[in-house]
Amino acid sequence: MRFGLIGCGMIARFHAQAIADTPGAELAGCWSHNPDRARKFAEETGCQPFDQLEDLIHSPDIDAVAICTPSGAHLEPALLAAAAGKHLLIEKPLEITLARCDQIIAAAKNANVQLATVFQSRFSPVWQQLHAATQRGEFGRLALGEAHVKWFRPQSYYDSAEWRGTWQLDGGGALMNQAIHSVDLLLWLMGPVRRVAAFTSTFAHERIEVEDVAVASLEFQSGALGSIIATTASHPGRDKRIELHGAEGSVIVEEDRIVHWSAKGSGVDKGSDANLRSLRSELGSDPLPGRFSDRLSDPAGGSGAADPAGINHALHAAQYTDFLAAARAGRPPQIDGHEGRKSVALIATIYESARQQRALPVV
């Protein structure tokens, strides 16, 4: 499958590396609002630069597009590409409002093209195994689910581009931009949220419209409770952490490292390196052969706690592999548009709860 990249920034480079590592995928073209940037990107990656977005989208050499523009600029190229019959792989978030998400989902359905939202963390063997364990009820009835994203971004990060920190193109701050991967994982593990009560603040950065600190209390539809804490004002930045606590066990994961895993009555404690190796062997095969460090302390997808360039492309490659398989089989990808919409719905409600200073139901 031949891909065209829309947007030629840092995230697009991860995608180019992932495409190069994915059997059956080829980077055929790229486009940017800045033609010089597109030409430089094309020279680095060996693809064809396009001066006009429409020319890339309608090129017979392009089968699918990967949209890596700022978050609030996903809709327009997605609609054009779907109408041209191109499959869509869109960086997180799918879009910044539910109305815009729904337009993309409807366009893909009407054009009979596949649509995937990039949440590469779900393809980590650790998170996949944890999801399977929650589905089996290994921890009993879950009572508490927590996501902590205490990262750091200097003022220079927000000053580096005019769109950063704006509602129109960033769609939000620490929640929508940085913590959304953890929001997605928490929903995947705990199920949908019924109601939220939240506070947000712009505390440590200047010249931005969005929050750099957010705290939300959650009531899940299952009856469990939870919380999300997100910030880009915690120097020097810590790895993201998710905790699940149930009547028969609990688990704590930092990035892709299991800190604690226990289940009542089974004597299972998978917090050691030896047991983590055993846990990986339970998968039967490594979904990302050869791409993991021998050091179990190295997260599979890297860490963006202090620097967005700190992530790597290994899990993106796993998502590309699933996307290709889905397109060939005519099935939805594992993380389709509807899955991508869920985190936007929760974050939008968190923002509205903070504005209204009251608990609100999730749409």
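The figures that follow rest on heavy atoms only: side chains count, while hydrogens, waters and symmetry mates do not.
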Gln168 CD: over 12 foreign heavy atoms closer than 6.0 Å: no
Heavy-atom side-chain contact between Ile62 and Ile57 under 4.5 Å: no
Lys240 bridged to Glu254 by N-O distance under 4.0 Å: no
Considering non-hydrogen atoms only, spot the tightest contact between Ala107 and Ala82 and give its length. O-CB, 3.9 Å
Is there a side chain to side chain contact (heavy atoms under 4.5 Å, CB included) between Ile105 and Leu94 once you walk through the steps? CA-CA 9 Å; Ile105 293 169; Leu94 179 59; 4.1 Å; yes
Excluding sequence neighbours, so at least two apart, what forms side chain to side chain donor-acceptor pair (under 3.5 Å) with Glu26? none
Hey, any chance Val213 and Met176 share a hydrophobic cluster, counting ILVMFWY side chains that come within less than 4.5 Å of each other, even indirectly? no
Taking atom SG of Cys101 and atom CG of Leu115, what is their separation to the nearest 0.5 Å? 9.5 Å
Do the non-hydrogen side-chain atoms of Phe139 and Trp261 ever get within less than 4.5 Å of each other? yes
Do Trp163 and Tyr158 share a hydrophobic cluster, counting only Ile, Leu, Val, Met, Phe, Trp and Tyr and linking them when any side-chain heavy atoms are less than 4.5 Å apart? no
Could you state the interatomic distance from CD1 (Ile258) to CD (Gln129), rounded to the nearest 0.5 Å? 8.0 Å
Separation between CZ of Phe50 and NE2 of His58, rounded to the nearest 0.5 Å: 11.5 Å
Heavy-atom pair with the smallest gap, counting every atom of Thr231 and Lys150: CG2-CA, 3.7 Å
Verify same cluster id: Leu185, Val193 (apolar side-chain graph, 4.5 Å): yes
Could you walk me through whether Arg331 and Asp336 satisfy the salt bridge (charged side-chain N to carboxylate O under 4.0 Å, His left out) test, starting with their C-alpha distance in whole Å, then the side-chain angles of each, then the deciding distance to 0.1 Å, before giving a yes or no? CA-CA 10 Å; Arg331 63 161 175 85; Asp336 62 11; over 6 Å; no
Run the side chain to side chain contact (heavy atoms under 4.5 Å, CB included) check on Ile90 and Thr117 step by step: do they pass? CA-CA 5 Å; Ile90 302 178; Thr117 309; 5.7 Å; no
Would you say His245's side chain and Glu146's backbone share a donor-acceptor pair under 3.5 angstrom? no
Going by the rule side chain to side chain donor-acceptor pair (under 3.5 Å), which residues pair with Ser201 if we only count those two or more places apart in sequence or in a different chain? none
Looking only at heavy atoms, what is the nearest atom pair of Phe123 and Ala318, with distance? CB-CB, 3.7 Å
Gly246 backbone acceptor or donor facing Arg141 side chain under 3.5 Å: no
Any side-chain heavy atom of Phe119 within less than 4.5 Å of one from Ile180? yes
Donor-acceptor pair between Tyr157 and Thr232 side chains, under 3.5 angstrom: no
Walk me through it: do Leu218 and Leu186 pass the test side chain to side chain contact (heavy atoms under 4.5 Å, CB included)? CA-CA 11 Å; Leu218 316 175; Leu186 191 65; 3.8 Å; yes
Nearest-0.5 Å distance, CZ of residue Phe3 to SG of residue Cys30: 15.0 Å
Are a donor atom and an acceptor atom from the side chains of His15 and Gln319 found within less than 3.5 Å of each other? no
Would you check if the side chain of Ser353 reaches a backbone N or O of Arg358 as a donor-acceptor pair within less than 3.5 Å? yes
Is there a side-chain contact between Leu144 and Glu243 (heavy atoms, below 4.5 Å)? no
Give the cluster check for Leu89 versus Met1: same hydrophobic cluster or not, with ILVMFWY residues linked at side-chain heavy-atom distances below 4.5 Å. yes
Sorted by chain and residue number, the side chain to side chain donor-acceptor pair (under 3.5 Å) partners of Arg39 (sequence neighbours excluded) come out as Asp36, Asp51
Note, Leu244 side chain near Leu130 side chain (heavy atom, < 4.5 Å): yes
Over 12 foreign heavy atoms within 6.0 Å of CD, Gln357: no
Write down the atom of Tyr351, the atom of Gly173, and the distance for their closest heavy-atom approach. OH-N, 3.2 Å
May I ask you to decide if Val210's main-chain N or O and Thr202's side chain share a donor-acceptor pair within less than 3.5 Å? yes
Mind jotting down which residue pairs meet the side chain to side chain donor-acceptor pair (under 3.5 Å) criterion with at least one end in residues 69-84? Sequence neighbours excluded, please. Glu76-Arg100
Looking only at atom types and distance, does a side-chain atom of Lys109 sit under 3.5 Å from a main-chain N or O of Gln114, one as donor and one as acceptor? no
Answer yes if Leu27 and Phe323 sit in the same cluster of Ile, Leu, Val, Met, Phe, Trp and Tyr residues linked by side chain heavy atoms under 4.5 Å apart, and no otherwise. yes
Using atom types as modelled, flag every donor-acceptor pair under 3.5 Å from a side chain in residues 341-348 to any protein atom, sequence neighbours excluded.
{"unit_1": "Arg341", "atom_1": "NE", "unit_2": "Asp102", "atom_2": "OD1", "d": "2.7"}
{"unit_1": "Arg341", "atom_1": "NH2", "unit_2": "Asp102", "atom_2": "OD2", "d": "3.3"}
{"unit_1": "Lys342", "atom_1": "NZ", "unit_2": "Glu339", "atom_2": "OE2", "d": "2.6"}
{"unit_1": "Ser343", "atom_1": "OG", "unit_2": "Gly340", "atom_2": "O", "d": "3.4"}

Do the charged groups of Asp170 and Arg164 touch, with an N to O distance under 4.0 Å? no
Let me see the working for Asn177 and Lys92 under side chain to side chain contact (heavy atoms under 4.5 Å, CB included), right down to the final yes or no. CA-CA 8 Å; Asn177 198 331; Lys92 61 79 184 169; 3.3 Å; yes
Okay, side chain of Glu211, backbone of Leu175: is any donor-acceptor separation there less than 3.5 Å? yes
Would you indicate whether the side-chain heavy atoms of Phe41 and Asn34 approach each other to under 4.5 Å? no
Lys/Arg N to Asp/Glu carboxylate O, Glu255 vs Arg257, below 4.0 Å: no
Does a side-chain heavy-atom distance below 4.5 Å link Trp127 with Leu189? yes
Looking at CG of Asp256 and OG of Ser124, how far apart are the two atoms once the value is rounded to the nearest 0.5 Å? 3.5 Å
With sequence neighbours excluded, tell me which residues meet side chain to side chain donor-acceptor pair (under 3.5 Å) with Glu219. Arg194, Arg195
Please determine if Arg355 and Glu352 form a salt bridge, counting it only when a charged side-chain N lies under 4.0 Å from a carboxylate O. yes
Are Leu53 and Pro77 close enough that some pair of their side-chain heavy atoms sits under 4.5 Å apart? yes
Considering all heavy atoms of both residues, which atom of Glu138 and which atom of Ala263 are nearest to each other, and what is their separation? O-CB, 3.7 Å
Asp21 (side chain) donor-acceptor with Ala317 (main chain) under 3.5 angstrom: no
Within the distance-only criterion (no hydrogens, no angle test), does the side chain of Trp167 pair as donor or acceptor with the backbone N or O of Glu209 below 3.5 angstrom? yes
Check: His131 main-chain N/O paired with Thr134 side-chain donor or acceptor under 3.5 Å: yes
Of all heavy-atom pairs linking Ala233 and Ala204, the shortest is CB-CB, 3.6 Å
Arg207 side chain to Gly165 main-chain N or O, any donor-acceptor pair under 3.5 Å? no
Taken to the nearest 0.5 Å, the spacing of Arg13 CZ from His316 NE2 works out to 14.0 Å
